[in-house]
Amino acid sequence: MNLAAWRLAMVLLLLSATLMLLGVCIGSAGFEDLLRPLVYPQVDPAHSALASQIVLDIRLPRTIGAWTAGALLGLAGAVAQGLFRNPLADPYLLGSASGAALAVALALLAMGSASGIFGNTFSVYSGSLLVRMGLTGAAFVGAVLAVMLTLILSRGVQHTLRLLLAGVVVGVVLGAATQLVLLFSPESLQAMQSFMLGSTAFAGWAACGLMLGVWLLSVAIAWALGRVLDGLSLGETTARSLGLPVAAIRLVLIIVLAVATGTAVAQTGLIAFVGLAAPHLVRSLLSTGYRWLIVLASLMGGVLLLAADVMARWLIAPQELPVGIVTAVLGGAYLLWLMHRNAMARGTA
Amino acid sequence: MQWREGLLDMSDPTVSIALKARQLHVSLADTPVLHGIDLDIAAGQWTSIVGPNGAGKSTLLKALAGLLPTAGHVELLGQPLHSLPARTRALQLAWLGQNETTADDLKVWDVAMLGRLPHHSWLGASSPEDHAVVEQALRATHAWEWRERALGQLSAGERQRVLLARALAVKAPVLLMDEPLANLDPPHQADWLQLVLALVAQGCTVVSVLHEISMALHADTTVVMAQGRITHHGSCADEQTQRAVEQVFDHRLAIHALAGQWVAIPANN
């Protein structure tokens with residue numbers, strides 16, 4: 001029984017619920033528009049129908065989607081940091097981000113030429129389910145393929161340093177390829193930019209369901225492997241002396257990492273910093289093993305992205321900031337503050 | 001120190017050799033490091049391994065623990081090491097490495113509890129026996145009072161004692177330690193010596209790589225290594241062993257008897 005961890009989990013869940021309520025209420029129509037017809041039946045039914053549509057079909061899934069995407073990224077960040085025994089590891093480390101970006105660029109290119117034939121315009125803002133599904137699927141497949149490419153280039157999971165370097169190489173090369181593709185399809189630049197910055201605006205109920213499913217599965221696997229990750233943190237030799245099948249464990253963790261990251265990236269684009277910052281924030285609050293670290297980092301990621309989403313919609317309302325910019329600025333600033341506070345506490349500042 | 005009574009049921013009393021190596025070759029990054037080692041490590045004894053830097057001591061220890069790809073034959077308690085399932089091996093042989101851990105966020109208690117990993121499934125909760133063993137191990141290395149602190153908050157020597165407790169918590173009949181005295185202050189080096197002697201008195205087999213020659217000469221036997229080969233293996237009280245140690249260090253240290261112990265001091269030539 002870990003009291004401190006339970007307490008933090010409860011606080012994070014409460015924060016999540018509060019932020020969700022806020023997220024649903026901020027905007028042109030809020031909960032009160034939903035409740036009003038119940039209290040005052042004489043209100044125009046058309047208006048309340050619109051309000052309920054806004055809240056239930058757009059804002060609620062978006063809010064839940066933001067939380068779930070953040071939770072996936074927080075989980076992936078904690079897994080990555082445990083896997084690589086490196087506090088600077090983030091979910092995009094194995095090339096998943098650049099793989100997703102390249103795939104989206106290619107999909108946009110393909111759709112662009114297709115729309116040339118059919119004479120209609122497109123963008124990621126398109127409401128067309130087909131376009132959304134196509135881009136989402138492309139991003140997921142791209143992310144997973146890039147991680148596989150990294151695994152092939154590093155010739156397996158035996159050496160974490162080799163994995164890291166292969167991930168860097170894949171990231172750079174696929175990034176260059178993405179730029180090249182964009183060079184040939186300047187009309188998709190804007191759509192691409194919104195993907196690179198990340199956005200929670202498009203998450204619908206289907207996306208929420210998918211992300212929640214993947215999240216639950218990932219949490220279950222990560223929880224089961226939590227003690228083993230603790231064992232890995234003693235060093236590879238010691239881990240193997242304890243009878244742990246290190247390579248198999250790494251492979252399972254990389255799959256969890258790739259699928260969780262790919263799912264989040266596919267729905268919300270490349271949200272910056274949540275995956276890196278969430279585990280650090282948890283660590284700054286308490287010392288715990290990976291079992292709890294992964295769960296708490298996940299809840300923390302959800303809170304971070306949800307908070308950023310609320311701020312992004314509220315700061316310059318009725319305009320909206322790209323949520324990725326908010327997470328980058330907030331996450332970066334907080335991490336920096338944390339770093340200096342810790343350095344000062346250790347007397348090394 | 002009443003420690004690990006009656007917990008050596010894994011070891012077969014008919015086996016007198018705990019670890020046996022025949023024609024053991026190891027290469028690291030295509031460079032041969034060990035050249036055909038033959039070695040018998042007696043069960044229920046303390047064997048120390050000494051030699052200059054780069055002699056292959058740590059590599060030999062890792063090879064004996066089955067933690068390196070090797071050519072040649074190693075037996076653990078009478079069974080071929082490489083055909084043993086990983087968990088069975090982990091129950092019979094505990095390992096304490098050097099400078100490995102990054103488990104800064106784990107509590108001392110949780111670190112020691114990781115020594116119990118081979119004893120149950122990863123999902124299973126720890127049993128009352130696990131708790132008793134971990135407490136015993138932490139008390140044996142005087143790390144008990146830090147059990148609620150994070151490993152990262154401890155000094156290097158304090159960490160070393162926690163990691164030693166982690167190795168003890170495995171309760172394996174064979175314990176391999178690579179430079180276990182690193183960062184320990186003299187009183188805790190003395191404590192370590194008492195702990196090892198108590199383990200051996202209870203039937204445990206201990207093998208340790210040591211740079212502290214005076215400490216190494218407290219062992220039952222010493223393996224002297226140079227350039228990937230064993231130059232001598234014999235009782236520490238034996239004159240020949242002591243000369244072999246002096247020789248492998250270029251006669252830059254000399255071994256003398258002092259107050260009933262053998263001590264190595266810098267030679268004045």
Side-chain angles (χ1 to χ4, degrees), chain A residues 1-5 78 81-89 158-160 220-249 252 279-294 296-297 342 345-346, chain B residues 58 61-62 65-69 84-126 148-153 159 162-163 166-167 169-170 172 174-178:
Chain A
M1 196 61 161
N2 192 332
L3 257 182
Q81 291 176 10
L83 185 62
F84 294 103
R85 303 175 61 210
N86 186 332
L88 280 179
Q158 291 302 330
H159 302 277
T160 44
I221 296 174
W223 180 267
L225 289 178
R227 274 175 61 80
V228 171
L229 263 170
D230 289 342
L232 282 186
S233 73
L234 291 174
E236 184 176 339
T237 319
T238 304
R240 283 198 288 128
S241 85
L242 287 168
L244 300 178
V246 174
I249 293 163
V252 171
H280 281 283
L281 293 183
V282 173
R283 282 206 192 94
S284 75
L285 295 170
L286 58 92
S287 297
T288 179
Y290 272 100
R291 229 175 222 191
W292 273 108
L293 179 69
I294 288 170
L296 292 172
N342 286 352
R346 286 188 194 133
Chain B
S58 295
L61 201 69
K62 270 187 194 158
L67 298 172
L68 277 182
L84 278 183
R87 181 168 287 190
T88 313
R89 190 203 62 212
L91 286 169
Q92 296 183 351
L93 185 147
W95 166 264
L96 175 62
Q98 50 170 333
N99 304 332
E100 264 207 297
T101 178
T102 52
D104 285 358
D105 292 305
L106 281 182
K107 283 183 189 154
V108 165
W109 170 268
D110 294 325
V111 171
M113 190 55 95
L114 288 174
R116 304 304 290 170
L117 267 180
H119 290 265
H120 42 63
S121 88
W122 304 334
L123 279 173
S126 43
E148 285 300 316
R149 287 173 65 186
L151 194 65
Q153 296 172 353
R159 275 158 170 263
V162 175
L163 296 176
R166 203 277 310 148
V170 180
V174 180
L175 175 58
L176 269 50
M177 294 186 268
D178 194 359

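Chain A is the first sequence line, chain B the second, and so forth, proteins listed ahead of strands; every chain is numbered from 1. Only heavy atoms go into these numbers, but all of them, side chains included; no hydrogens, no water, no symmetry mates.
- In terms of heavy atoms, A:Ser287 sits closest to B:Ala150 at OG-CB, 3.4 Å.
- Expressed to the nearest 0.5 Å, how far CG of B:Asp104 lies from CZ of A:Arg85 amounts to 10.0 Å.
- Contact of the A:Leu293 side chain with the B:Asp105 side chain is not registered, since no non-hydrogen atoms from C-beta on lie closer than 4.5 Å.
- Heavy atoms closer than 4.5 Å to chain A are found in the side chain of B:Leu163, but not in its backbone.
- Taking both residues in full, the closest heavy atoms of A:Leu242 and B:Ala90 are given as C-CB, 3.4 Å, listed atom of the first, atom of the second, then distance.
- Annotation: maximal heavy-atom pairing with chain B below 4.5 Å, among A:Ala224, A:Ala239, A:Gly82, A:Gly289, occurs at A:Ala224.
- With respect to chain B, the highest number of heavy-atom pairs below 4.5 Å among A:Asp230, A:Leu286, A:Thr288, A:Leu232 belongs to A:Asp230.
- For the atom pair A:Thr237 OG1 and B:Leu61 CG, the distance stands at 11.0 Å (nearest 0.5 Å).
- With rounding to the nearest 0.5 angstrom, the CG atom of A:Leu244 is 8.5 Å from the CZ atom of B:Arg87.
- Residue A:Leu229 does not touch chain B at all, counting heavy-atom pairs closer than 4.5 Å.
- Contacts between B:Leu67 and chain A at a heavy-atom distance below 4.5 Å involve backbone atoms as well as side-chain atoms.
- Applying the ring-ring contact (aromatic ring centres under 6.0 Å, His included) test to B:Trp109 and every residue at least two apart in sequence or in another chain returns B:His131.
- Only the side chain of B:Arg166 comes within contact range of chain A, judged by heavy atoms closer than 4.5 Å.
- Across A:Arg227 and B:Leu114, no two heavy atoms sit closer than the pair O-CD2, 3.8 Å.
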